[in-house]
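Reviewing the structure listed below.
Each chain gets a letter, A, B and so on, in the order its sequence line appears, and its residues count up from 1. Values in this document were obtained by computation on a predicted structure and should not be read as measured data.
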There are 2 protein chains.
Amino acid sequence: MSDTRQLLLDGAIAALRDKGITGASARTIAAAAGVNQALVFYHFGSVDALIQAACREAAAQQVESYRPLFRSVASLHDLVVLGQRLHAEQRSAGNVTVLAQVLAGARHNPRLVAAAREALTLWIDEIAANLERLLEGNPLAQVADTGCLARAVAASFIGIELYEGADPDGARSAFAALEQLSALTEILDDLGPVARNALGARLRRHHPRP
Amino acid sequence: MSDTRQLLLDGAIAALRDKGITGASARTIAAAAGVNQALVFYHFGSVDALIQAACREAAAQQVESYRPLFRSVASLHDLVVLGQRLHAEQRSAGNVTVLAQVLAGARHNPRLVAAAREALTLWIDEIAANLERLLEGNPLAQVADTGCLARAVAASFIGIELYEGADPDGARSAFAALEQLSALTEILDDLGPVARNALGARLRRHHPRP
DNA sequence: GTCTATAGAGGGATAGAC
DNA sequence: GTCTATCCCTCTATAGAC
């Protein structure tokens, strides 16, 4: 992997983070990378292809780096706390922002769809694996498929990230609501076996598992 | 309100819907409106100002038109079902898409922030008012502030809308997870008074209301 | 592999005729 | 209020020197 390639990949992330999908052009990316603009096309063929590659690499690297923290989470509440920490840390590093911007761009640019989906899938799989672990024995696990739940969590995360730009206080309180919901499911887990079984039966009646 | 002004407002929404924030230029908006490009600047001064006005107007009109349906909702489950219907209907009309695109643009364009926040606030207030009504007596209401919950719901909606573009099946299953969560809170409501009070006490202990 | 230069399209915004 | 014409900018992408 040549130096310039890596500089461009990093520059693409920096440009997406600092200027958004509307401002991530070959020129701004090259400027962020400190290389010549024509090299975008020499190494990647097009701006979209570069963004796609950068998006993939950044997501893989980020998910990898957070994996130990995810593994050490022992409760749903901790998972939400980790989510908030991730959100706070990424506000400066900006990787969730990048994903949100690429996702917004993908809505009307087919060439970005694959990149957005693959990057998001990496996060979703990681979240799903941990939900599976944390929801073991919880009545909720009997109705909510962890894969679906993980997708909802990831999508909510993206939504809150965008909302953060329009109303930081509102985004904080949205997070607080999620934390409260997670507390609810934890309490379900703390219920005595009798109450838990009663609730489980009720859930099953309400929503038979497919 | 002159005809041309309205044509431009409608054209802006159409352009945002069909081409996204990256493709909503004075020229594409004017083309969608069927008027001359210079009129964008005569009537609104700048493209951003037009988008801002269009965003405000569209959100107000949409919230207004859905208000009777919101009022007729009698359960949390119905609210989620209405959300899905709204999502499906708006996929063609595209007003959630528009909001998501403006929100994504606002992240790096200060001139769009106010428009995004105001449009979103209209939806949030409507959702909050209905949650307040539907959660009355539910133990969840003792811990989760309806305003915060409404913000989380709105943000999740935006996130799922964007996710839909990258993975339609995934977005559907994310919605299914939200439906399952809503079923959970309904069951809480159906619990006998003893169990409900026990749960309520537990929730309060876990998260004292501010 | 890296650079300069440039083609060719599209963008925001304005001047000035009508 | 509406139109044409235009300025000047940025964009993607390529050609060709080094």
Separation of atom CD1 in B:Ile21 from atom P in C:dG11, rounded to whole Å = 13 Å
On DNA chain D, check which nucleotide each of A:Ala38 and A:Gly23 is closest to and give me the residue with the more 5' one.
-> A:Gly23
Are the aromatic ring centres of A:Phe157 and A:Phe175 under 6.0 angstrom apart?
-> yes
Return the value, rounded to whole Å, for the distance between atom CG of B:Asn36 and atom P of D:dA5.
-> 11 Å
Roughly, in whole Å, what's the span from NZ in B:Lys19 to C1' in C:dG10?
-> 12 Å
Quick one: is B:Ser25 getting a side-chain N or O under 4.0 Å of the C:dG10 phosphate, OP1 or OP2?
-> no
Specify the separation, in whole Å, of atom CD1 of B:Ile51 and atom P of C:dG11.
-> 12 Å
Here the pair of heavy atoms bringing A:Ile124 nearest to A:Ala154 is CG1-CB, 3.7 Å
Assign each of A:Arg27 and B:Val47 to its nearest nucleotide of DNA chain C by heavy atoms, then name whichever residue's nucleotide is nearer the 5' end.
-> A:Arg27
Atom pair distance, as rounded to whole Å: CD in A:Gln37 and C1' in D:dT10 = 11 Å
So does A:Thr4 get a side-chain nitrogen or oxygen closer than 4.0 Å to the phosphate oxygens (OP1/OP2) of C:dT2?
-> yes
B:Phe41 has an atom CZ; how far is it from atom P of C:dG12, in whole Å?
-> 6 Å
Atom-pair distance (CZ on B:Phe44; P on C:dG12), nearest Å | 15 Å
Taking atom C1' of C:dG12 as reference, at what distance in whole Å does atom CG of B:Leu39 sit?
-> 15 Å
Salt-bridge present (B:Arg107, A:Glu164; N to O < 4.0 Å) | no
Would you say the side chains of B:Gln90 and B:Tyr66 form a donor-acceptor pair under 3.5 Å?
-> yes
